[in-house]
J.: 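The structure that follows is given in the form of structure tokens.
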Amino acid sequence: EVQLVESGGGLIQPGGSLRLSCAASGFIVINNYMSWIRQAPGKGLEWVAVMYSGGTTDYADSVKGRFTISRDHSKNTLSLQMDRLRADDTAVYYCARDGILSAAGRLDAFDIWGQGTMVTVSS
Amino acid sequence: DIQMTQSPSSLSASVGDRVTITCRASQSISTFLNWYQQKPGKAPNLLIYAASSLQSGVPSRFSGSESGTDFTLTISSLQPEDFAIYYCQQSYSIPYTFGQGTKLEIK
């Protein structure tokens with residue numbers, strides 16, 4: 001079965017660090033584009049970061065310089081290292097696979113999502 | 001960044017109704033537009049990709065269309081399980097951006 005399972009969320013003080021993990025099954029992480037997307041309580045969806053299959057990365061301006069996306073091929077996992085956390089980073093964090101294979105080739109769309117992990121930044 | 005504006009923000013409808021949700025991009029994004037459905041406490045679920053392609057396993061009552069920078073999600077005959085929040089998302093350029101969501105409620 002193709003699925004993603006996030007872990008690592010919790011309560012952290014402002015300025016602290018947290019590392020989220022996303023374990024994939026049914027497909028190989030390094031062969032795909034993989035993103036982190038977050039949702040603040042009662043709010044909409046915000047894209048956070050992407051790791052491309054080639055290993056390069058992109059980030060939302062709101063997290064650039066504070067968050068780092070990475071992957072571990074041996075464990076087939078995606079990670080998000082979050083440093084210098086702020087109250088406005090409080091959200092459910094989802095990992096998602098980005099890529100649909102169609103007759104037109106590969107298209108960007110988040111087709112597989114994890115269940116999400118809650119990060120609360122508060123003193 | 002490309003801004004995605006959905007309308008309406010909320011919508012009340014009855015089972016069996018035909019419903020249309022609109023998403024407008026702040027600039028041309030070709031057909032790089034996806035639609036998601038989110039139910040309370042759950043992750044979003046991909047419904048439509050590339051503006052009009054139905055994701056595998058999604059009922060055919062869902063459809064998408066495009067006209068310039070305006071995109072439409074249509075549900076032809078609402079079912080009880082369709083009451084949820086719907087989001088559009090552009091995949092034309094980084095940063096990927098989402099609309100603010102449309103909450104579809106039971107009348």
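Chain A is the first sequence line, chain B the second, and so forth, proteins listed ahead of strands; every chain is numbered from 1. Excluded from the calculations below are hydrogen atoms, water molecules and symmetry mates; all remaining heavy atoms, backbone and side chain alike, are included.
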J.: Search all heavy atoms of G114(A) against all heavy atoms of A43(B) and return the closest pair with its distance.
T.: O-CB, 3.2 Å
J.: If I measure from the heavy atoms of chain B, does V50(A) come under 4.5 Å with its side chain, its backbone, both, or neither?
T.: side chain
J.: Let me check something: do V48(A) and M118(A) share a hydrophobic cluster, defined by ILVMFWY side-chain heavy atoms less than 4.5 Å apart, either directly or through other members?
T.: no
J.: Quick check on Y94(A) against chain B: is it the side chain, the backbone, both or neither that has a heavy atom closer than 4.5 Å?
T.: side chain
J.: If I measure from the heavy atoms of chain B, does L45(A) come under 4.5 Å with its side chain, its backbone, both, or neither?
T.: both
J.: Out of curiosity, Y96(B) OH to D98(A) CG, how far, rounded to the nearest 0.5 Å?
T.: 4.0 Å
J.: Spell out, yes or no, whether I106(B) and L11(B) are grouped together once hydrophobic residues are joined by side-chain heavy atoms under 4.5 Å, including indirect joins.
T.: yes
J.: Could you tell me the separation between the CD atom of Q39(A) and the CD1 atom of I85(B), rounded to the nearest 0.5 Å?
T.: 7.5 Å
J.: So what's closer than 4.5 Å to chain B heavy atoms on I112(A): side chain, backbone, both or neither?
T.: neither
J.: Please classify the contact between Y36(B) and chain A as side chain, backbone, both or neither, with a heavy-atom cut-off of under 4.5 Å.
T.: side chain
J.: So how far is it from N34(B) CG to I100(A) CD1, rounded to the nearest 0.5 Å?
T.: 8.0 Å
J.: Count the heavy atoms of every other residue, nucleotide or ligand shown that sit under 6.0 Å from CD of Q3(A), and state whether that count exceeds 12.
T.: yes
J.: Do F98(B) and I37(A) come close enough that some side-chain heavy atom pair is under 4.5 Å?
T.: yes
J.: Is it the case that over 12 heavy atoms from other parts of the model lie below 6.0 angstrom from the OH atom of Y92(B)?
T.: no
J.: In Å, rounded to the nearest 0.5 Å, how long is the span from CZ of F110(A) to OH of Y87(B)?
T.: 14.0 Å
J.: Could you tell me the separation between the CD1 atom of I94(B) and the OH atom of Y59(A), rounded to the nearest 0.5 Å?
T.: 12.0 Å
J.: Report, as yes or no, whether the 6.0 Å neighbourhood of atom CZ on R66(A) holds more than 12 heavy atoms from other residues, nucleotides or ligands.
T.: yes
J.: Rounded to the nearest 0.5 Å, what separates atom OG in S56(B) from atom CG in D111(A)?
T.: 10.0 Å
J.: Determine, using the 4.5 Å side-chain heavy-atom cutoff (strictly less than), whether L46(B) and W47(A) are members of one ILVMFWY cluster.
T.: yes
J.: Are F32(B) and I21(B) linked, directly or through other ILVMFWY residues, by side chains that come within less than 4.5 angstrom of each other?
T.: yes
J.: With a 4.5 Å cut-off on heavy-atom pairs, point out which of S91(B), P95(B), P44(B) contacts chain A the most.
T.: P44(B)
J.: Do M34(A) and V92(A) sit in the same hydrophobic cluster, where Ile, Leu, Val, Met, Phe, Trp and Tyr count as joined when their side-chain heavy atoms come under 4.5 Å apart?
T.: no
J.: Please give me the minimum heavy-atom distance between Y49(B) and A109(A), naming the atom from each residue.
T.: CB-CB, 3.9 Å
